[in-house]
Each structure stands twice: as structure tokens, then as C-alpha cells.
Amino acid sequence: MGHGTNRVEDMSSPNNGTAPTAGETIVEIHSVCLPPKKTAFQKLGKRVADVFFPDDPLEKFRNQTWRNRVLLGLQSLFPIFTWASQYDRKLLLSDVVSGLTIASLAIPQGISYAKLANLPPIVGLYSSFVPPLIYAVLGSSKHLAVGPVSIASLVMGAMLSESVSPTQDSILYLKLAFTSTFFAGLFQASLGLFRLGFVIDFLSKATLVGFTAGAAVIVSLQQLKGLLGIVHFTPKMQFISVMSSVFNHRSEWSWETIVMGLGFLAILLTTRHISMRRPKLFWISAASPLVSVIISTVLVCLIRSKTHAISYIGHLPKGLNPPSSNMLYFSGTHLALAIKTGLITGILSLTEGIAVGRTFASLKNYQVNGNKEMMAIGFMNMAGSCTSCYVTTGSFSRSAVNYNAGAKTAVSNIVMAAAVLVTLLFLMPLFYYTPNVILAAIILTAVIGLIDYQAAYKLWKVDKFDFFTCLCSFFGVLFVSVPLGLAIAVGVSVMKILLNVTRPNTTEFGNIAGTDIYQSLGRYKEASRIPGFLILAIESPIYFANSTYLQERILRWTREEETRVKENNCSTLKCIILDMTAVSSIDTSGLEAVFELRRRLEKQSLQLVLVNPVGSVMEKLHKSKIVESLGMSGLYLTVGEAVADLSSTWKAHGQP
């Protein structure tokens with residue numbers, strides 16, 4: 001009926017089966033209005049604001065004095081200013097306790113994860129000093145504990161070692177690691193600066209569950225080298241290669257190493273289990289890695305004269321992080337490898353860091369700004385690459401300990417960094433006899449928690465396609481390679497998106513007796529068809545990618561309905577109603593498809609009616625003259641009004 005004045009129809013006859021009526025029913029027909037007129041520039045501005053600035057970051061600057069605006073600007077750039085003025089001794093005490101607690105976990109984990117990335121152990125400690133200081137100034141999370149993490153370490157080690165040997169060409173390998181960290185930080189900061197955080201959304205929950213579990217299995221199998229005392233071990237990360245290497249080098253197995261490794265692994269797993277069952281005893285699992293390092297180091301020092309079967313770290317240099325800006329690799333044959341490694345590790349570490357930050361923020365009812373977090377993590381990695389650090393982000397295990405220890409602000413990261421500084425300056429010689437087997441046990445304990453069986457089971461129960469994506473990611477990492485496994489999973493996720501876009505769902509609606517509600521016939525048993533009508537709902541935008549499919553699918557619905565009508569001797573099909581409530585947008589291909597559909601249905605003596613198109617869709621329908629071609633009875637606000645008005649019109653013209 002277009003966008004004219006309202007109409008009132010009198011349906012005083014008995015119920016004719018077209019709509020639930022009783023006696024005299026007055027049906028008010030409402031207009032479908034065009035949205036307010038806007039210029040192309042206004043539309044573009046609104047669209048850009050909706051896409052890139054959904055949180056309206058400038059809102060707090062409005063109606064403020066210049067002084068307040070400067071202060072708010074500083075708080076936006078440096079979140080530390082939002083809480084520094086209210087900081088007191090009570091908060092400091094809580095942060096010191098939590099900072100020292102996570103330091104006891106960060107020191108052994110830093111050494112262990114550096115070895116996982118095939119880097120010198122000291123680089124792991126360097127990476128636990130500078131990045132936390134930068135994050136404390138730039139980060140918006142109160143509980144995120146920053147440092148090296150297992151997944152990013154594994155991916156960096158796997159990707160770089162495929163082309164460069166960390167033992168035979170250690171200097172080049174170190175250069176590529178720092179360069180990859182720089183590009184990871186540059187990519188992360190750019191996403192935050194240009195508000196492109198939606199890029200990381202392509203790593204779906206299903207992809208991450210499978211990838212993390214597969215990576216955790218690979219990391220665990222790699223630790224068999226340390227647990228068994230094997231000297232010659234494959235650098236490859238595939239399941240078959242690792243297991244072949246384990247059994248092909250049985251002669252190198254050391255029973256002393258195995259006994260020590262299994263003993264400390266049992267202790268670490270037990271303390272982890274206790275802390276999981278009783279969160280108040282978090283300090284037990286937090287302290288156990290450092291205590292295990294101390295005890296195992298003393299044991300090796302005492303028995304080193306009796307056995308040489310247990311390998312240990314050896315010399316670690318004392319002192320602050322040496323500058324490494326001169327080692328950044330911006331030209332040469334391996335530059336592409338450094339960029340690719342940086343992008344992948346950057347995405348993974350960014351996803352993990354933001355997810356961890358938001359998890360603990362929700363527990364304390366405060367908000368973590370995603371774009372600020374991207375810039376904070378990015379800048380700290382860029383700075384870290386110039387100070388002998390590799391990729392860092394927020395660690396879930398350390399952040400959980402930080403949260404349970406009662407951290408109040410990001411000062412806990414500063415306290416942790418101070419503890420690492422003391423270690424770097426004075427305590428390095430004490431780690432000389434730290435056995436490699438204890439580092440393997442620490443890594444194993446940490447990555448076991450990354451295998452989330454419950455999440456995988458939930459995917460199976462809720463969405464089988466997501467579970468399939470999870471399996472692709474898991475087995476891809478396990479049997480192909482870490483980066484290719486991730487690429488396979490992302491590819492499957494993108495394919496799911498494309499399927500949803502190119503093959504959208506269409507549903508047949510019916511009327512729920514005694515009401516003016518129209519819902520899915522397949523979903524609601526009480527819903528019934530209205531004779532003479534085929535009511536369909538389109539549940540997606542109409543684009544060039546799906547316009548042809550939708551046209552063909554609607555015509556198929558029409559043929560099937562006509563066949564059903566003939567077989568059951570029902571009223572002749574006269575009208576196809578398309579409920580466009582869920583059609584959020586339409587392009588020129590979609591408009592052409594609607595026009596062609598109307599033309600083809602008209603040849604079959606069938607009327608096409610559109611119901612409730614949203615503002616932007618209505619505007620395009622009007623400009624393309626489709627509204628005009630549909631006529632006064634081709635556009636309605638609700639399905640109920642369309643059925644009532646058309647039924648009344650047919651009755652007035654004496655049509656059955």
C-alpha cells in the first residue's frame with residue numbers, strides 16, 4: 001500500500017479462513033514510511049561511526065572545559081592516570097603481595113617458555129621485565145599479568161626453526177625472533193589505533209579451542225625430550241615426527257632424569273589440583289614452580305659429581321636487558337618469514353590477552369577497552385623487541401594467580417618486574433644447575449590446563465559445524481603444522497560465514513490461531529497456513545552473493561506450495577508475502593532479484609507483497625521504483641495487516 005495515509009477496512013462477514021475474525025472486526029492498515037532524508041555525506045559519516053566507533057570515544061569530552069579535556073585525553077592515552085591519584089597504602093600492600101606472588105611463577109615460566117621458543121633462557125626473563133612496566137602505564141586491565149606465554153612461544157619456535165636453525169645459526173635466529181616481535185607489536189598497535197579489532201574475531205571460539213588443545217598436545221610431547229633426557233631430538237612439531245623421535249632414541253633415555261621429572265611433575269600437578277579445588281589456596285600452585293626449581297637445582301648441585309645424566313641450564317648472564325634495536329632484521333631473504341611469524345603470533349597473543357583481560361574484568365564489574373588493550377600490547381611488544389624481549393601478552397595462569405592474590409591495579413605488574421630485576425642483577429648464578437627436566441615439568445603443568453574438554457563437548461552439543469571447525473584446528477595442528485592447522489581452521493570458519501551469507505535461511509510462516517501472530521510452521525505446531533497465501537521470512541541481508549539463490553529458493557517454495565494445494569484441493573495460491581524484518585540491507589543485485597521475482601510471479605498470476613522493510617532497505621526500494629511497481633497493495637507494515645487487507649479486497653471483488 002506504499003506510504004500514504006492509514007486505511008481502515010470493515011470485515012463484518014463471518015470468519016472466511018483468511019484471518020482469525022469474529023463478528024465485526026476493524027483492521028487498521030498502517031503506512032510503511034521512508035526514513036528521514038539524509039545526504040550521502042551524512043550516511044557515510046554515520047556508517048563510519050557505527051563501524052569504527054561503536055563506543056563513541058569522544059562522548060566524555062563533550063561539554064567539558066579545556067582543562068578537563070586535557071586530563072581526559074591523558075587518561076585515554078595513559079590509563080594509569082585514571083587511578084594514580086586515588087592510589088593509597090592499602091592498595092599498594094595488596095599489589096605488592098600479588099606482584100611478588102606472580103613473580104614466583106613468572107621467573108620459572110619465563111625461562112621455560114623461552115626454551116619452548118628455542119631462545120636462550122635469559123630472553124624469557126628479559127621479557128618478564130620490560131613489557132610489564134609498559135603495560136602498567138598503557139593497559140586498562142587491573143588484573144592482567146604480562147609475560148611470555150606457551151602458545152605464542154610454540155608458534156614462534158615452530159615457524160622460525162623451519163627455515164633457520166636455532167643452534168647452528170643462533171644469531172640470525174635471535175634477530176628474526178626480535179624482528180617478529182616488532183612486527184607483532186606493530187600489527188597489534190595498528191589494529192587498536194585504526195580500530196580494526198574485528199579482524200581478530202575471525203579466530204572463533206571453536207577455532208581457538210581446537211588450536212589451543214592441539215598446540216598444548218604438541219608442547220607436551222616436545223617436553224618428552226626434557227623428561228626422558230633425550231639429547232638428539234627432532235625440531236619438527238608434528239605428532240608423528242615427535243613420537244618417532246622419542247622411540248628412535250630410546251638409547252638416550254636417562255632413568256635419573258625420568259625419576260626426577262616424574263616426581264616433580266606429580267608435585268606440580270598435585271598443587272595445581274589443590275588450588276583449583278580450593279581457590280583460596282592459590283599460593284600453593286603459584287609458589288610450587290619456583291620451589292621446585294630451587295629444590296631441583298640443589299639436588300643436581302649435590303649429585304653432579306656422581307652422575308652427569310641430568311642436563312642443566314648452565315651459565316646465564318647477569319644484568320639488565322641489553323638493547324637489541326641494532327638486531328632488527330628489516331632486509332634480506334628472511335624478512336617475509338619474520339613478518340609472517342609476527343602477524344600470526346601477534347594475532348594469537350592479542351586474542352589471548354584481550355580474552356583474559358575481559359574475563360577478570362567481568363568478575364570485578366569493570367570494563368576493559370579493547371582498542372586500548374591492542375595499543376598497549378602492541379607498544380609493549382615493539383618496545384620489547386628493542387630491549388631483547390620476544391612476544392609477550394597476558395597469561396591466563398599468571399593473571400588468575402594475580403586476581404586470586406588480591407591485585408587492585410596494574411602496579412602488581414611493576415612489582416613483578418622489580419622482582420625480576422633483582423633476579424637479573426643478583427640471582428642469575430643460582431640458576432646455573434637448574435635441570436632442564438624441571439623446566440619441562442613446569443611447561444607440562446601449565447599447558448595441561450589449555451586442553452578444554454568441556455568447551456569441546458559444549459560445541460558438540462550446541463553446534464556440530466563449530467565442533468567440526470574445532471576438530472579441523474586440533475588435528476591440523478597435531479598432524480600438519482601449527483601455522484597450517486590454524487589456517488585450516490580459519491578457512492573452515494570463513495567457509496561457514498560464506499555459507500551463511502550465500503545460502504541464507506528462509507522460513508515459511510503460519511498464523512497462530514486466535515492471535516495476529518505469524519511464526520514458523522516448522523517450529524510452532526499451533527501455527528497454520530492461511531489459504532491463498534504463502535508467507536516466507538528471509539533471515540539475512542540480500543546481496544549479490546545470495547540474491548540469485550534467494551530468488552530460486554522462493555520460486556521453489558512457490559512450486560511446492562502449488563503442488564500441495566492441488567494434492568489437497570485447497571484454495572488457490574494467490575499471493576506470496578515476504579517478511580523482510582530480518583533483511584538488514586540490500587544492494588543493487590538484491591533489488592534486481594526482487595524486481596525479477598515480482599515479474600516472474602506476475603506471469604503466474606501471483607502477487608508479491610513485501611512486509612516491514614527496514615529504513616535503508618525501504619529507501620532503496622523506493623529509489624529503484626520497486627515500491628511503485630508493487631502498487632498500493634504490495635507493501636505492508638505487518639504480515640497480519642497484509643493478510644487482512646488483501647483478504648478483504650479479494651472478498652470485495654467476489655474472489656474465493
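Residue numbers start at 1 and run along the sequence shown. Side chains included, hydrogens not; waters and symmetry mates left out as well; all remaining heavy atoms used. It should be emphasised that the depicted structure is a prediction, and the values quoted were computed from it without experimental measurement.
- Looking at Glu252 and Phe233, their side chains never come closer than 4.5 Å, going by heavy atoms from C-beta outward.
- Within 6.0 Å of the NZ atom in Lys372, the count of heavy atoms belonging to other residues, nucleotides or ligands exceeds 12.
- The closest donor-acceptor contact from the side chain of Ser399 to the backbone of Phe396 lies at 3.5 Å or more, if one exists at all.
- Residues Ser140 and Glu373 bring a donor and an acceptor atom of their side chains to less than 3.5 Å of each other.
- Side-chain atoms of Thr297 and Thr434 include a donor-acceptor pair closer than 3.5 Å.
- In Met276, the CE atom is not crowded: 12 or fewer heavy atoms of neighbouring residues, nucleotides or ligands sit closer than 6.0 Å.
- Cation-pi geometry between Lys142 and Tyr366 is satisfied (NZ or CZ under 6.0 Å from the ring centre, within 45° of the ring normal).
- Using bins of under 30°, 30° to 60° and over 60° for the plane-to-plane angle, the ring pair Phe467/Trp460 lands in the perpendicular bin.
- Checking side-chain atoms of Asn402 against main-chain N and O of Ser412 turns up no donor-acceptor pair under 3.5 Å.
- In summary, the side chains of Asn321 and Ser388 do not present any donor paired with an acceptor at a separation below 3.5 Å, with no hydrogens or angles considered.
- Taking the six-membered ring where the residue is Trp, the centroids of Tyr390 and Tyr113 are separated by 6.0 Å or more.
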Between Ser98 and Thr101, does the side-chain hydrogen bond (donor to acceptor under 3.5 Å, both in side chains) criterion hold? Intermediate values first, please. CA-CA 5 Å; Ser98 57; Thr101 305; over 6 Å; no
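- Side-chain N/O atoms of Asn381 and Thr392 include a donor and acceptor closer than 3.5 Å.
- The two atoms that bring Gly261 and Ala441 nearest to each other are O-CB, 4.4 Å, heavy atoms only.
- Defined by atom type and a distance below 3.5 Å, a donor-acceptor pair is missing between the side-chain atoms of Ser349 and Thr393.
- Under the 3.5 Å distance criterion, with hydrogens and angles disregarded, a donor-acceptor pair is assigned to the side chains of Ser275 and Ser285.
- Counting heavy atoms from C-beta on, the side chains of Lys318 and Pro429 come closer than 4.5 Å.
- Inter-residue side-chain proximity for Pro289 and Gln109 is flagged as unmet; no heavy-atom pair is nearer than 4.5 Å.
- Remark: the Tyr87 side chain and the Asp95 side chain contain an N/O donor-acceptor pair separated by less than 3.5 Å.
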